[in-house]
Visitor: 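First the structure, then my questions, so here it is.
On a predicted model such as this, the values are computed, not experimentally measured, just so you know. Because only heavy atoms are used, hydrogens play no part in the values below, and waters and symmetry mates are left out as well, while side chains stay in.
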Amino acid sequence: MNYTQNEKIEQVTDSTIVVGVDIGSQIHYARAFDNRGRELTKRVFSFHNDLEGFNSFNLWAETLKSENKKTAVLIGC
């Protein structure tokens, strides 16, 4: 997908959670923010590089989305 800088910025709205993921070889780390850059969790979420880890990450992101009354999750790695 080729987006201009403005198109990238417009993807983040009041109803979006932005999740940044630090990819490691065995363990990955994620943090979640709202559209203004405020962190939504007190701790970094870690998950393993396997299907079970991905499923736990997906559940974590969906739970945060529900708890914060958001409709979209944007993930950056």
Side-chain angles (χ1 to χ4, degrees):
M1 297 181 165
N2 292 324
Y3 293 109
T4 65
Q5 185 68 24
N6 287 340
E7 289 171 328
K8 290 176 185 177
I9 292 169
E10 289 171 3
Q11 291 179 30
V12 181
T13 66
D14 288 340
S15 61
T16 305
I17 288 178
V18 178
V19 177
V21 180
D22 180 11
I23 302 295
S25 60
Q26 295 299 319
I27 299 177
H28 311 311
Y29 301 93
R31 295 175 77 179
F33 303 89
D34 68 7
N35 63 311
R36 296 189 61 200
R38 294 178 293 215
E39 193 167 4
L40 298 176
T41 60
K42 295 285 184 191
R43 66 179 192 87
V44 175
F45 181 77
S46 63
F47 58 102
H48 288 276
N49 187 17
D50 57 18
L51 182 58
E52 185 177 325
F54 173 78
N55 288 335
S56 69
F57 168 72
N58 190 43
L59 178 62
W60 173 78
E62 289 296 321
T63 301
L64 278 177
K65 185 175 83 171
S66 296
E67 289 174 350
N68 290 281
K69 298 181 174 90
K70 306 291 184 180
T71 59
V73 178
L74 182 65
I75 300 170
C77 300

Visitor: Side chains of Ser66 and Thr63: is there a donor and an acceptor less than 3.5 Å apart?
Guide: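 Checked: Ser66/Thr63 side chains show no N/O donor-acceptor pair below 3.5 Å.
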
Visitor: For residues 62-75, which residue pairs pass the salt bridge (Lys or Arg N to Asp or Glu O under 4.0 Å) check, not counting sequence neighbours?
Guide: Glu62-Lys65

Visitor: Say you draw a straight line from CG of Leu40 to CG of Leu64; how long is it, rounded to the nearest 0.5 Å?
Guide: 6.5 Å

Visitor: Carefully, step by step, assess Trp60 and Thr41 under the rule side-chain contact (heavy atoms from CB on, under 4.5 Å).
Guide: CA-CA 11 Å; Trp60 173 78; Thr41 60; 4.1 Å; yes

Visitor: Linking I/L/V/M/F/W/Y whenever any side-chain heavy atoms sit under 4.5 Å apart, do Phe45 and Val19 land together?
Guide: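 The answer is yes; both residues are in one hydrophobic cluster.
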
Visitor: Would you give the length of the straight line joining atom OG1 of Thr16 to atom CG of Asn68, rounded to the nearest 0.5 angstrom?
Guide: 12.0 Å

Visitor: ring-ring contact (aromatic ring centres under 6.0 Å, His included): which pairs involve residues 5-42, sequence neighbours left out?
Guide: His28-Phe47

Visitor: How close do Val21 and Ala30 get, heavy atom to heavy atom, and via which atoms?
Guide: CG2-CB, 4.1 Å

Visitor: Would you mind listing every salt bridge (Lys or Arg N to Asp or Glu O under 4.0 Å) that reaches into residues 3-26, with sequence neighbours excluded?
Guide: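 Output for this query is empty, none listed.
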
Visitor: Where the side chain of Asn49 meets the backbone of Ser25, is there a donor-acceptor pair that is under 3.5 Å apart?
Guide: yes

Visitor: Give the cluster check for Val73 versus Leu59: same hydrophobic cluster or not, with ILVMFWY residues linked at side-chain heavy-atom distances below 4.5 Å.
Guide: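 Different hydrophobic clusters.
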
Visitor: How many angstroms lie between atom SG of Cys77 and atom CD1 of Ile23, to the nearest 0.5 angstrom?
Guide: 4.5 Å

Visitor: How many angstroms lie between NE2 in His48 and CG in Asn55, if you round to the nearest 0.5 Å?
Guide: 13.5 Å

Visitor: For residues Phe57 and Val18: do they belong to one hydrophobic cluster (side chain heavy atoms under 4.5 Å, members Ile, Leu, Val, Met, Phe, Trp, Tyr)?
Guide: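 No, Phe57 and Val18 fall in different hydrophobic clusters.
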
